[in-house]
J.: 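Before we start, here is the structure in question, set down as C-alpha cells.
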Amino acid sequence: MSNAGFDLEERTAIFAENSRNYFNKLPKTLSNLKYCDQGIRSSGSVAANYIEANEALSKKDFYMRIKICKKEAKESRLWFRLSQPSLDLDSEKEKLINESTEFIKIFSAIVKSSN
C-alpha cells in the first residue's frame, strides 16, 4: 500500500475547514455558541500544530507538537459530541467525531513510535 495519496497536513486542514462549516450550521443556542467557539479553535489547532510539527527545530519540538495535535483532536471530539445539531447534521457530526478519533490514533502511533 502506497502512502503517496496520504497527506496529513492537507487532511488536518480539511478537518479544520469541515469543522468550521459544521459549527457554523448549528442552531444558535446558548450551549452551541460556546461549543462552536471552542470547537473551531481546537480543530484549527490540530492543523496548525501539525504544520508546526513539520517545521520543528528538533525531535523534542516535533513530538511536543504531535502531542498537542492529539490533545486538540480529543478536545475537538468532545465539542462535536456535546453539540446539538439539527437532525440533518447528525451524519456530519458522526463523520467529524470519527475523523477526530482517527487523528487521535494517528498521533498516538507517532508518539508511541518515538519511545
Side-chain angles (χ1 to χ4, degrees):
M1 186 169 133
S2 171
N3 285 339
F6 185 79
D7 182 349
L8 194 53
E9 196 167 304
E10 180 65 15
R11 186 174 169 183
T12 58
I14 290 169
F15 173 69
E17 292 168 350
N18 290 342
S19 299
R20 177 200 61 214
N21 294 341
Y22 166 78
F23 284 118
N24 283 332
K25 293 178 200 171
L26 290 178
K28 305 299 182 218
T29 64
L30 181 60
S31 58
N32 275 347
L33 289 173
K34 300 291 184 185
Y35 302 151
C36 290
D37 182 52
Q38 293 297 317
I40 289 169
R41 288 173 191 259
S42 61
S43 62
S45 185
V46 173
N49 276 288
Y50 190 71
I51 289 169
E52 290 290 326
N54 285 334
E55 300 299 322
L57 300 174
S58 66
K59 284 186 179 185
K60 183 178 178 182
D61 185 33
F62 173 80
Y63 288 113
M64 181 193 69
R65 294 291 177 183
I66 294 297
K67 287 177 183 178
I68 293 170
C69 289
K70 179 183 169 188
K71 178 183 81 72
E72 295 293 345
K74 281 181 147 180
E75 186 176 330
S76 296
R77 184 173 62 182
L78 173 68
W79 302 127
F80 296 128
R81 179 180 171 191
L82 294 177
S83 68
Q84 298 172 311
S86 52
L87 291 177
D88 62 327
L89 292 175
D90 276 342
S91 67
E92 195 170 341
K93 175 181 175 175
E94 287 305 311
K95 286 178 188 174
L96 289 164
I97 288 172
N98 290 339
E99 182 70 342
S100 57
T101 301
E102 286 294 313
F103 284 136
I104 293 164
K105 291 175 183 177
I106 290 166
F107 297 131
S108 293
I110 293 170
V111 170
K112 193 174 196 175
S113 72
S114 71
N115 295 333

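Worth knowing before you read on, the calculation uses all heavy atoms, side chains too, and leaves out hydrogens, waters and symmetry mates. Numbering starts at 1 and runs along the sequence shown.
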J.: Working to the nearest 0.5 Å, report the span between CZ of Phe23 and CG of Leu89.
T.: 11.0 Å

J.: Would you please name every residue forming a salt bridge (charged side-chain N to carboxylate O under 4.0 Å, His left out) with Glu75, sequence neighbours left out?
T.: none

J.: Determine the minimum heavy-atom distance between Asn18 and Glu92, stating which atoms define it.
T.: O-OE2, 4.2 Å

J.: Flag yes if Leu26 and Leu82 sit in one hydrophobic cluster, no otherwise; membership is Ile, Leu, Val, Met, Phe, Trp, Tyr, and two members link when side-chain heavy atoms are under 4.5 Å apart.
T.: yes

J.: Quick one: are Pro85 and Tyr22 in side-chain contact, heavy atoms under 4.5 Å?
T.: yes

J.: Under 30°, 30 to 60°, or over 60°: which ring-plane class applies to Phe107 and Tyr50, parallel, tilted or perpendicular?
T.: tilted

J.: To the nearest 0.5 Å, tell me how far Tyr63 OH sits from Ile110 CD1.
T.: 8.0 Å

J.: Are side-chain heavy atoms of Glu72 and Thr12 found at a separation under 4.5 Å?
T.: no

J.: For Asn54 and Glu9, which heavy atoms make the closest approach, and how far apart are they?
T.: ND2-OE1, 2.9 Å

J.: Test Lys74 against Ser100 for side-chain contact (heavy atoms from CB on, under 4.5 Å), laying out the working first.
T.: CA-CA 7 Å; Lys74 281 181 147 180; Ser100 57; over 6 Å; no

J.: Would one find more than 12 heavy atoms of other residues, nucleotides or ligands at under 6.0 Å from atom NZ of Lys59?
T.: no

J.: Give the minimum heavy-atom separation between Ala53 and Ile66, together with the two atoms involved.
T.: CB-CD1, 3.8 Å

J.: What residues join Ile68 in its hydrophobic cluster, counting side-chain heavy atom gaps under 4.5 Å, either direct or through other members?
T.: Met64

J.: Quick one: which of Arg77, Lys71, Glu99 gives a side-chain contact (heavy atoms from CB on, under 4.5 Å) with Ile104?
T.: Arg77

J.: Side chain of Lys93, backbone of Ser83: donor and acceptor closer than 3.5 Å?
T.: yes

J.: Verify side-chain contact (heavy atoms from CB on, under 4.5 Å) between Lys28 and Asn32, making sure each step is shown before the conclusion.
T.: CA-CA 6 Å; Lys28 305 299 182 218; Asn32 275 347; over 6 Å; no

J.: Could you tell me if the side chain of Leu96 sits less than 4.5 Å from the side chain of Ser19, heavy atoms only?
T.: yes

J.: Hey, is the main chain of Phe103 close enough, under 3.5 Å, to the side chain of Lys70 for a donor-acceptor pair?
T.: no

J.: Within the structure provided, determine whether Arg11 and Glu102 are in side-chain contact (heavy-atom separation under 4.5 Å).
T.: yes

J.: Which atom pair, heavy atoms only, marks the closest approach of Arg20 to Ile40?
T.: CA-CG1, 4.1 Å

J.: Could you note down all residue pairs passing side-chain hydrogen bond (donor to acceptor under 3.5 Å, both in side chains) where residues 33-48 supplies at least one of them, sequence neighbours left out?
T.: Asp37-Arg41, Ser42-Ser76, Ser45-Asn49

